[in-house]
Colleague: 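The structure follows.
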There are 2 protein chains.
Amino acid sequence: MEKYVPLLKNTKLFAGAGEEDIASMLSCLGARLREFGKGEYVLRQGERLGDILVLAEGSLLIQKDDYWGNRSILGNIGPGEIFGEAYVAPESGTLLNDVIAVEDSAVFFFDAKRVITTCPSACRFHTLVVQNLFYAISEKNRSLVRKLDSISRRTTREKLISYLSEEAKKQNSADITIPYNRQQLADYLAVDRSAMSGELCRMRDEGLLKFEKNRFRLL
Amino acid sequence: MEKYVPLLKNTKLFAGAGEEDIASMLSCLGARLREFGKGEYVLRQGERLGDILVLAEGSLLIQKDDYWGNRSILGNIGPGEIFGEAYVAPESGTLLNDVIAVEDSAVFFFDAKRVITTCPSACRFHTLVVQNLFYAISEKNRSLVRKLDSISRRTTREKLISYLSEEAKKQNSADITIPYNRQQLADYLAVDRSAMSGELCRMRDEGLLKFEKNRFRLL
DNA sequence: ACAAATCCGTTGTATTTACAACGAAACGGT
DNA sequence: ACCGTTTCGTTGTAAATACAACGGATTTGT
């Protein structure tokens, strides 16, 4: 676990804490490290969760399949990102989505109770971590609102433009790499893959953008 | 302000605190009460926010208009609900939505810094409030995910069923009153009003539900 | 009580999307 | 290197939706 301390230092959860502090907090917060192979489920819809998770290595997809096999993708998780934190409140019910490893991944599990309940004395940084957690979930909240904004657009083209613009802003470049293939992007934007594929090509032919696989350039 | 203390006691923000504690916290948290007439803006997209708000009385709509006048509705706010809390983090940027009073309303403004930064001694309940805030934003997070789930449906009918079912679960009854008129519901579900209106009538004719204005009964 | 404004259902048409199916290209495992 | 699988663009057709316009009913403001 210790080898990931430098990574943890750069996460939103431990922002402002030093490496020694983090190392000592690991046991205090009941940290465990679990590894998942490509395609494995990290979390399953309907489960209860008592942990706050941080992705140490790899890449995860948050998705959901309904009874008829329709898949919808909520988002992806990259190294250093926190997840699961929205389900540790007392009356939060069960998980609404699956979380799946899209490549071999390693995940930190922190005992939620120990994270949220400030411990008597030992950890000076506990208050900091709780505040960090609040800021992190705030940010996730805002990004959900932005996603709702994209997906509320009426046409496939508008959804694509909205999503790609947001991504360009986030990556601070007109050259972006997205974490989805075509089918996943369609599931993310809630449109048909083939229709979306056609729209992308039309936009390319009109000179709005270029792309090759999952790399896009906005013009 | 004091007359709202019993109401505040039943909000998610002050859950677990007694009335005297709340009364004393009001000044500690920099509380102000502002009133808004029907149709007035409580918050505007693009503004910065340094407060956490609680609706004391009335009803608010969270919405957004784009350049072409397309409106999309994110949700509504009822008495006792917290809002604005996702925008008080240091790097949260400006507001993504407008908040508008749909009827005469009264709103508490709490200074975010004072809510989040635990004060030296005085307020015993400060830690509690921060934790409550985390739980509240968690819940909002999950409800955004549910909304995304509704809105990701492909057809208008599926969106309606998804939304009405969620609402029935929330109101714990097959008889529900929704906080939107037809146009607002359409803007909420990101569909055309007239198409939605037709779909609703078709569903009624098929015996799936009954409705009269904004009251619905699921069958 | 009256005029104006809003709300809601309805209709017809144009546009957009979903769905199914196919083949070429790229990828992955043995 | 080979074969099976996945990915992606393309096409045609059916279905669903958006858009515009209208009228009756209800509500609102004065």
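Side chains are part of it too, since the values below use all heavy atoms of this structure and drop only hydrogens, waters and symmetry mates. Below, read A as the first sequence line, B as the second, and so on, with proteins coming before strands; counting in each chain starts at 1.
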Colleague: With a 3.5 Å distance limit and no angle check, can you tell me whether R48(A) reaches the backbone of L95(A) through a side-chain donor-acceptor pair?
Modeller: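 Not at all, since once roles are kept as given, no pair shorter than 3.5 Å links the two residues.
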Colleague: How many Å lie between CG on N214(B) and C1' on dT27(D), as a whole number?
Modeller: 14 Å
Colleague: Which residues in residues 148-167 of chain B have a heavy atom closer than 4.0 Å to any atom of DNA chain C?
Modeller: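 Correct list: R154(B).
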Colleague: L200(B) CG to dT10(C) P: how many Å, rounded?
Modeller: 11 Å
Colleague: What integer distance in Å separates E199(A):CD from dT17(C):P?
Modeller: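 Whole-Å distance recorded here is 6 Å.
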Colleague: Can you tell me the distance, in whole Å, between the CZ atom of R204(A) and the P atom of dG9(D)?
Modeller: 7 Å
Colleague: Check the orientation of Y163(B) and Y180(B). Use parallel for under 30°, tilted for 30 to 60°, and perpendicular for over 60°.
Modeller: tilted
Colleague: In residues 173-189 of chain A, what residues come within less than 4.0 Å of DNA chain D, judged by heavy atoms?
Modeller: N181(A), R182(A)
Colleague: Report the residue (A195(B) or S197(A)) whose heavy-atom-nearest nucleotide on DNA chain D is the more 5′ of the two.
Modeller: S197(A)
Colleague: Whole Å only: how far is the CG atom of D192(A) from the P atom of dT11(D)?
Modeller: 16 Å
Colleague: Hey, is R154(A) close enough to D192(B) for a salt bridge, meaning N to O under 4.0 Å?
Modeller: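 D192(B) and R154(A): not salt-bridged.
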Colleague: Can you check the K38(A) NZ to dT5(D) C1' distance for me, whole Å?
Modeller: 11 Å
Colleague: Strictly below 4.0 Å, N to O, side chains only: are R157(B) and E206(B) in salt-bridge contact?
Modeller: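 Looking at E206(B) together with R157(B), the answer is yes, because their closest N to O distance falls below 4.0 Å.
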Colleague: Check whether the side chain of S194(B) and the base of dC8(C) form a donor-acceptor pair under 3.5 Å.
Modeller: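 By the distance-only test, no, there is no pair.
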Colleague: Figure out the CE/C1' separation between M196(A) and dC19(C), and round it to whole Å.
Modeller: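 After rounding, the gap between these two atoms is 15 Å.
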Colleague: May I ask you to verify whether the side chain of R193(B) and the base of dG9(C) hold a donor-acceptor pair under 3.5 Å?
Modeller: yes
Colleague: Answer yes if the ring centres of F134(B) and Y135(A) are under 6.0 angstrom apart, and no otherwise.
Modeller: no
Colleague: Verify the contact: side-chain N or O of K213(B) to OP1 or OP2 of dA25(D), cut-off strictly under 4.0 Å; return yes or no.
Modeller: no
Colleague: Decide whether a cation-pi geometry holds between K147(B) and Y188(B); the criteria are a distance under 6.0 Å from NZ or CZ to the six-membered ring centre and an angle within 45° of the ring axis.
Modeller: yes
Colleague: Distance check, rounded to the nearest 0.5 Å: L200(B) atom CG versus K210(B) atom NZ?
Modeller: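 The distance works out to 15.5 Å.
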Colleague: Output yes when D149(B) and K64(A) qualify as a salt bridge under the 4.0 Å nitrogen-oxygen rule, no when they do not.
Modeller: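 So D149(B) pairs with K64(A) through a salt bridge.
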Colleague: Ion pair present between R153(B) and D66(A), side-chain N to carboxylate O less than 4.0 angstrom?
Modeller: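 A salt bridge links R153(B) with D66(A).
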Colleague: E212(A) CD to dT7(D) P: how many Å, rounded?
Modeller: 17 Å
